[in-house]
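Notes to accompany the following structure.
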Protein chains: 2
Amino acid sequence: MRTSNYLLSTLKETPNDAEVVSHQLMLRAGMIRKLASGLYTWLPTGLRVLRKVENIVRQEIDNAGAVETLMPVVQPFELWEETGRSEKMGPELLRFTDRHTRPFVLSPTAEEVITSLVRNEVSSYKQLPLNLYQIQTKFRDERRPRFGVMRAREFCMMDAYSFDIDKEGLQKSYDAMHDAYCKAFDRMGLEYRPVLADSGAIGGSGSQEFHVLAESGEDLIAFSTESDYAANIEKAEAAAPSNERAQPTQEMTLVDTPNAKTIAELVEQHGLAIEKTVKTLFVKASEEVDADIIALIIRGDHELNEVKAENLPQVAAPLEMATEEEIRALVGAGPGSLGPVNLSLPFIVDRTVAVMSDFGAGANIDDKHYFGINWGRDVELGQVEDLRNVIEGDPSPCGNGTLMLKRGIEVGHIFQLGNVYSQAMNCGVLGPDGKNAILEMGCYGIGVSRVVASAIEQNHDKYGIIWPDALAPFQVAIVPMNMHKSEEVRKAAEKLYQELSEMGIEVLFDDRKERPGVMFSDMELIGIPHTVIIGDRSMKEGNFEYKNRRTGDKTPVAMAEIVAHLKTQLA
Amino acid sequence: MRTSNYLLSTLKETPNDAEVVSHQLMLRAGMIRKLASGLYTWLPTGLRVLRKVENIVRQEIDNAGAVETLMPVVQPFELWEETGRSEKMGPELLRFTDRHTRPFVLSPTAEEVITSLVRNEVSSYKQLPLNLYQIQTKFRDERRPRFGVMRAREFCMMDAYSFDIDKEGLQKSYDAMHDAYCKAFDRMGLEYRPVLADSGAIGGSGSQEFHVLAESGEDLIAFSTESDYAANIEKAEAAAPSNERAQPTQEMTLVDTPNAKTIAELVEQHGLAIEKTVKTLFVKASEEVDADIIALIIRGDHELNEVKAENLPQVAAPLEMATEEEIRALVGAGPGSLGPVNLSLPFIVDRTVAVMSDFGAGANIDDKHYFGINWGRDVELGQVEDLRNVIEGDPSPCGNGTLMLKRGIEVGHIFQLGNVYSQAMNCGVLGPDGKNAILEMGCYGIGVSRVVASAIEQNHDKYGIIWPDALAPFQVAIVPMNMHKSEEVRKAAEKLYQELSEMGIEVLFDDRKERPGVMFSDMELIGIPHTVIIGDRSMKEGNFEYKNRRTGDKTPVAMAEIVAHLKTQLA
């Protein structure tokens with residue numbers, strides 16, 4: 001490709017509204033342009049990378065035995081009513097009516113469509129296992145689209161759906177997709193990890209997320225220092241403390257704490273160790289509980305894990321904190337003075353809190369705390385659960401090593417759905433025993449457009465993007481210096497361009513009438529892995545200059561050797 | 001691909017609601033399934049063909065120097081207001097609002113989006129010419145979607161947009177795309193013709209359509225018997241008759257015609273030659289005319305060309321016929337008794353009618369006609385235009401030969417838009433003279449999904465589809481007979497499958513436990529060009545059987561020669 005026939009569209013300045021590096025660099029490198037909030041046009045350079053991701057994903061999913069289909073972006077709303085997901089998805093599911101006022105949605109995912117297809121097309125267990133996928137435009141009407149294509153409204157996703165006669169079959173299909181994901185992300189040259197995850201709104205039994213590791217990631221991942229264990233912090237279990245609760249050594253005393261509305265203030269003003277404090281959080285209770293509000297108690301320096309809380313049968317989902325008004329109406333004190341002693345509500349205690357002794361908590365009276373509280377003696381312990389986020393240094397729930405935390409960007413998710421959808425939509429086949437068998441489903445997604453952004457988060461420097469070879473929009477850049485003045489440079493550049501193109505190498509030939517500095521910085525910004533600089537001076541010595549984007553090394557290479565040199569670099 | 005891992009989904013019966021052959025065969029061959037009116041899921045076999053079309057189109061458009069992009073399916077409505085097309089498109093443009101009640105549309109085409117992009121990204125004539133395209137999902141909310149993917153609501157389209165500094169540049173870009181289209185359709189093995197076309201709602205100066213010729217086509221194309229001239233009947237000029245008007249030989253007489261409401265009745269009951277009759281049609285006038293209705297007069301055996309009529313400045317667009325009520329209110333007679341003599345409205349006469357003499361027409365009195373009318377003597381001729389559809393035998397407007405008519409399916413359209421959109425959206429660049437120059441645009445579409453259907457309309461027999469090699473979902477089918485009983489057959493089939501696959505040949509290996517007859521008819525239905533039949537009996541003689549789908553020929557081929565034989569067939 002010659003830049004003169006191309007839409008390079010690089011920008012010198014970082015656009016104001018781009019917060020994360022990948023968004024900034026995708027705009028600056030001319031990969032995307034915003035059309036409206038959460039809607040992006042992929043410019044030629046961006047699309048070339050998107051297609052590389054798409055093709056690697058397609059090949060590996062094909063190799064795993066899945067078969068490609070293509071489903072409409074527009075789906076009838078009635079299918080979403082059949083599974084009850086029309087409610088669950090909320091306003092992210094964009095609804096509209098056609099000219100005949102029939103209701104439709106823009107597809108955010110396709111469990112309903114594919115299950116409806118399979119229940120019509122597959123009638124016997126002999127046609128199984130079956131894994132159907134598509135790489136198609138998806139739409140989620142995010143409340144606050146942000147970070148460019150990282151959290152856009154319209155995006156490109158690979159979604160696959162496996163159908164098996166039984167759970168063993170599902171496990172096989174799931175494992176094959178797990179392997180295919182690993183192969184795909186390996187080929188892309190990304191540092192990633194499969195991690196245990198919560199199944200969320202999709203439903204089903206087990207699931208794993210694939211995260212590209214990057215400091216800018218929105219998710220926290222917990223890893224064991226000693227094993228393969230890795231889990232999204234949403235899911236990572238805080239193992240029960242191995243120590244027993246210590247015997248009480250203090251009396252419980254009521255203390256005036258007029259200026260301590262927060263744990264930090266309590267610790268600072270009253271000399272309490274933070275590990276000797278607890279936080280009492282009031283949340284909406286589910287219908288299982290004979291009260292509107294239930295309290296969750298965690299250690300002062302810990303954070304509530306909202307997903308773990310939501311998954312408790314006693315807690316309403318989605319999780320909703322009680323308002324100050326509701327709290328005051330219930331206990332007559334504000335949120336800064338709550339605690340388990342003399343509490344008139346049901347409460348659930350975190351595993352760590354359950355082994356604390358001689359600790360401090362709000363007295364359910366404004367401006368007062370109890371110090372020296374002990375379970376059993378001062379208040380009954382009751383139900384104990386894992387309520388908190390793990391922290392670095394926690395023992396790994398696998399039993400080996402301790403946990404460390406890293407940030408990740410979720411680029412893939414695989415689910416064992418089981419029969420959640422197939423049951424709701426009556427998707428069964430004639431089994432080997434001659435009876436109707438409801439199918440066991442898995443579903444599998446890769447955020448193709450998000451992979452592009454996450455690869456940049458992991459691979460960039462102050463000059464721009466540093467593409468892994470497999471994802472680069474072009475493999476080689478040719479930068480001729482002052483070609484429009486030097487016939488020799490022009491000839492050499494044209495010859496090399498032709499030679500490399502004929503070998504099937506993707507070359508960007510910068511034939512613009514620009515200063516060399518502008519061309520160099522554009523090629524660095526775009527992140528082309530290998531650049532050949534052609535100039536009068538080095539040619540007099542019989543050389544071109546080769547530059548490696550990742551290492552930054554510049555090497556003179558004999559003109560006759562340049563093709564061989566590039567072949568070695570690309571291998 | 002093994003059928004056991006695949007979703008074959010062939011049907012024995014022709015589904016009731018499929019009217020045209022391509023729709024029937026696409027359903028029966030397991031290529032598509034209906035999700036809702038005008039919405040189809042592409043099953044694996046269909047998608048393989050769709051991708052073949054897509055890839056050929058992509059390669060040829062790339063070769064023509066266009067650069068691929070990807071624009072969102074969801075577009076802000078405000079862009080459509082900028083060009084005024086929001087009105088023109090009517091209810092085919094599907095509108096909806098997002099969660100923040102901002103208005104959007106589903107993209108039926110992307111002139112607005114691309115023009116908005118180019119006005120931001122391109123600032124100098126030095127960056128031109130530029131031709132940007134995408135292959136992307138489109139949506140048109142057709143009032144009556146029909147014929148499967150031929151006229152679906154959601155479909156796959158290649159749309160390209162060229163930007164040039166002047167009209168010469170536009171002509172070059174247009175010609176390059178014309179050539180690219182020819183190369184693409186040639187490669188697909190389709191019988192097609194580029195034909196002159198009306199520009200319709202897209203606007204602009206000149207345009208050509210590409211039609212796949214097929215008896216089931218919705219369009220009529222006029223061809224010259226002697227030259228390359230070809231035009232959509234909408235556009236084909238009915239050349240002015242070369243003969244002069246004959247002198248009157250009859251007096252004009254008022255005749256009672258109580259039972260002649262139609263031309264056919266008039267001819268039958270009164271012995272008039274149909275070439276001596278005219279039809280007078282009342283249509284809504286445009287604002288240019290000082291009347292609500294204007295009359296159009298064509299010969300009794302001719303048909304009004306609605307597009308030609310609409311393009312007249314005196315006629316309102318879209319064309320609307322007057323109601324019987326309106327006609328009676330104006331002339332006091334019904335639509336079966338209208339004519340030019342004593343007509344109180346303005347009228348326009350077709351070229352053929354202008355040279356008629358001694359002809360009959362309604363008298364604008366119920367149940368009465370004038371016979372022996374002559375222009376000038378009985379009524380003034382006034383404005384003459386080309387108003388009718390051409391018919392077979394008409395002289396070709398190119399001056400060479402006569403016209404013949406064939407049916408076609410429009411699969412592509414190329415337009416010289418000029419500055420219609422660039423002017424409305426202020427898309428200009430700094431020209432060589434240092435002044436702002438509004439760009440000259442072209443736009444170019446190929447209905448990728450419609451190409452698939454039209455290829456079937458042109459290539460089928462009573463057994464199913466007969467794919468041109470370049471579009472076939474698989475190149476070769478392997479049909480082993482009773483493989484589950486004969487280990488020899490199984491081994492030979494597996495070996496051949498592996499050999500061909502390793503050569504990069506796309507093979508469908510029918511490893512189902514089905515009767516040979518079922519497998520043969522499925523492979524014929526799907527239309528795989530080359531089939532190898534492996535059976536005990538022929539193997540005893542050292543042969544496989546090769547079957548060619550198009551010719552129907554079956555040939556024994558020595559087992560050791562089969563790969564070479566297939567290579568020759570595929571070359």
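Each chain gets a letter, A, B and so on, in the order its sequence line appears, and its residues count up from 1.
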Highest number of heavy-atom pairs under 4.5 Å with chain A: which of [options]?
options	result
Q134(B), Q127(B), R153(B)	R153(B)
L128(B), L70(B), T69(B), L8(B)	L70(B)
P91(B), G46(B), A152(B), S37(B)	P91(B)
E121(B), E78(B), R51(B), Q75(B)	E121(B)
M71(B), R33(B), R99(B), Q136(B)	R99(B)

Under a 4.5 Å heavy-atom cut-off, does chain B meet the side chain of [X], its backbone, both or neither?
X	answer
L132(A)	side chain
T137(A)	side chain
L106(A)	side chain
F155(A)	neither
V122(A)	side chain
R48(A)	neither
L39(A)	both

- Task: Step through the shown structure and confirm whether more than 12 heavy atoms of other residues, nucleotides or ligands are within 6.0 Å of CD on E514(B).
- Result: yes

- Item | Within 6.0 angstrom of Q59(A) CD, more than 12 heavy atoms from elsewhere |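 Counting neighbours around CD of Q59(A), more than 12 heavy atoms of other residues, nucleotides or ligands fall under 6.0 Å, so yes.
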
- Starting from the C-alpha separation in whole Å, work towards a yes-or-no answer on side-chain contact (heavy atoms from CB on, under 4.5 Å) for V118(A) and L7(B). CA-CA 10 Å; V118(A) 168; L7(B) 186 65; over 6 Å; no

From [X] atom [atom1] to [Y] atom [atom2], the distance as rounded to the nearest 0.5 Å:
X	Y	atom1	atom2	value
L79(B)	L35(A)	CG	CG	6.0 Å
D98(B)	F96(A)	CG	CZ	13.0 Å
E68(B)	L50(A)	CD	CG	10.0 Å
R102(A)	D141(B)	CZ	CG	8.0 Å

- Note on the structure: Honestly, the part of F104(B) sitting under 4.5 Å from a heavy atom of chain A is side chain

- Message: Measuring only between side-chain heavy atoms, which start at C-beta, is L117(A) closer than 4.5 Å to L43(B)?
- Response: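 In short, these two side chains touch, coming nearer than 4.5 Å.
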
- Do E154(A) side-chain atoms and V74(B) backbone N/O form a donor-acceptor pair below 3.5 Å? yes

